[in-house]
Amino acid sequence: MRYLTFALGKGRLANQTLELFEKIGITCEEMKDKKSRKLIFVNEELKLKFFLAKGPDVPTYVEYGAADIGIVGRDTILEEERNVYEVLDLGYGKCKMCICGPKEASGLLKHHELIRVATKYPNIAKDYFYNTKHQTVEIIKLNGSIELAPIVGLSEVICDIVETGSTLRENGLAVLEEVCSLSARMIVNPVSMRMESDRIKELINRLRTVI
Ligand code: PRP
């Protein structure tokens with residue numbers, strides 16, 4: 001039996017993913033050691049390998065088959081536009097992709113003004129404004145702390161993730177429009193899905209019973 005390899009997005013989602021896998025008897029003790037600098041972890045008994053990667057790189061590893069399976073947020077899957085199968089909503093990491101800004105900016109959206117949109121997700125923003133809203137905008141790519149952009153005058157609005165809404169509230173911003181709902185998803189390499197279909201389908205079915 002060959003190894004099935006999992007790429008897990010680092011950070012918030014990774015711990016919840018490990019907890020979920022434990023519920024169906026898949027454990028990887030080594031991976032819980034926060035001090036470890038090891039990059040790849042093996043469960044010899046079940047013939048599984050796990051590695052942690054930056055979220056946006058997970059769909060890349062899965063598309064090229066370096067990982068058979070990936071666990072990552074739907075935001076990343078939509079943004080990266082990789083050739084992978086999305087097979088399961090894992091139900092955690094729930095949040096929304098929204099257009100946010102000061103309340104006064106809602107008129108600019110309503111009247112389809114040519115505005116600037118700051119975001120970590122240029123493809124999602126482009127798709128929303130051009131294909132759903134039919135509004136021409138200028139998209140400015142940032143790498144974090146997106147809420148700063150409308151405060152310092154870089155853009156009129158942002159396209160960003162809202163979970164509790166506290167970052168917006170504490171900075172005098174609000175949700176102006178909702179783009180889509182997000183949560184953690186399982187993605188699979190198309191070739192792996194064919195070659196290892198029994199093992200992967202069994203895994204999906206077992207996960208479904210605990211989600
Ligand atoms: C995310 C997102 C928002 C915040 C939303 O940022 O970009 O800034 O969380 O969460 P809330 O609605 O619960 O306040 P993250 O913490 O991932 O860091 P970043 O600013 O570097 O993107």
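Every number for a ligand or one of its atoms is a count from 1 in the order of the listing.
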Task: N/O separation below 3.5 Å, E163 to ligand 1 - done: yes

Task: Check: G165 N/O within less than 3.5 Å of ligand 1 N/O - done: yes

Task: Per-atom contacts, ligand 1 versus T167 - under 4.0 Å to a heavy atom - done: 4 (C), 5 (C), 10 (O), 11 (P), 14 (O)

Task: Residue and atom name of the nearest protein heavy atom (relative to atom 13 (O) of ligand 1), distance in Å to one decimal - done: T164 OG1, 2.5 Å

- [ ] Would you tell me whether Y128 and E177 have side-chain atoms, one donor and one acceptor, within less than 3.5 Å of each other?
- [x] yes

- [ ] Enumerate the atoms of ligand 1 whose separation from the nearest heavy atom of I161 is less than 4.0 angstrom.
- [x] 2 (C), 3 (C), 5 (C)

Open item on the list: Under a 3.5 Å distance rule, please check whether Y130 uses its side chain to pair with a backbone N or O of V137 as donor and acceptor.
Closed with: yes

- [ ] Give the residue, atom name and distance (to 0.1 Å) of the protein heavy atom nearest atom 7 (O) of ligand 1.
- [x] D160 OD2, 2.8 Å

Open item on the list: As a test of understanding, state which of I158, N171, V157 forms a side chain to side chain contact (heavy atoms under 4.5 Å, CB included) with P150.
Closed with: I158

Open item on the list: Under a 4.0 angstrom heavy-atom cut-off, which atoms of ligand 1 come close to V162?
Closed with: 12 (O)

- [ ] Check whether F41 and L20 end up in the same hydrophobic cluster, where Ile, Leu, Val, Met, Phe, Trp and Tyr are linked by side-chain heavy atoms less than 4.5 Å apart.
- [x] yes

Open item on the list: Give the atom numbers and elements of ligand 1 that come within less than 4.0 Å of a heavy atom of E147.
Closed with: 3 (C), 8 (O)

TODO: Evaluate the 4.0 Å heavy atom contact test for atom 18 (O) of ligand 1: does a protein atom fall under the cut-off?
DONE: no

Task: Approximate separation, where rounding is to 0.5 Å, of M97 CE and S181 OG - done: 11.0 Å

Task: Parallel, tilted or perpendicular: rings of F21 and F6 (30°, 60°) - done: perpendicular

Open item on the list: So does H112 get a backbone contact from the side chain of H134, meaning a donor-acceptor N/O pair under 3.5 Å?
Closed with: no

Task: For atom 20 (O) of ligand 1, closest protein heavy-atom neighbour - done: S145 N, 2.8 Å

Task: Donor-acceptor contact below 3.5 Å, side chain E156 vs main chain R116 - done: yes

TODO: Could you list the atoms of ligand 1 found under 4.0 angstrom from a heavy atom of S166?
DONE: 12 (O), 14 (O)

Task: Shortest reach to atom 21 (O) of ligand 1 by a heavy atom, considering only C98, C95, G144 - done: G144

Open item on the list: Heavy-atom pairs closer than 4.0 Å: do any link ligand 1 to the side chain of R12, the backbone, both, or neither?
Closed with: side chain

Open item on the list: Quick check against the 3.5 Å criterion: does E63 have a side-chain atom that pairs as donor or acceptor with the backbone of N83?
Closed with: yes

Task: Distance filter under 4.0 Å to K120 heavy atoms, resulting ligand 1 atoms - done: 19 (P), 22 (O)

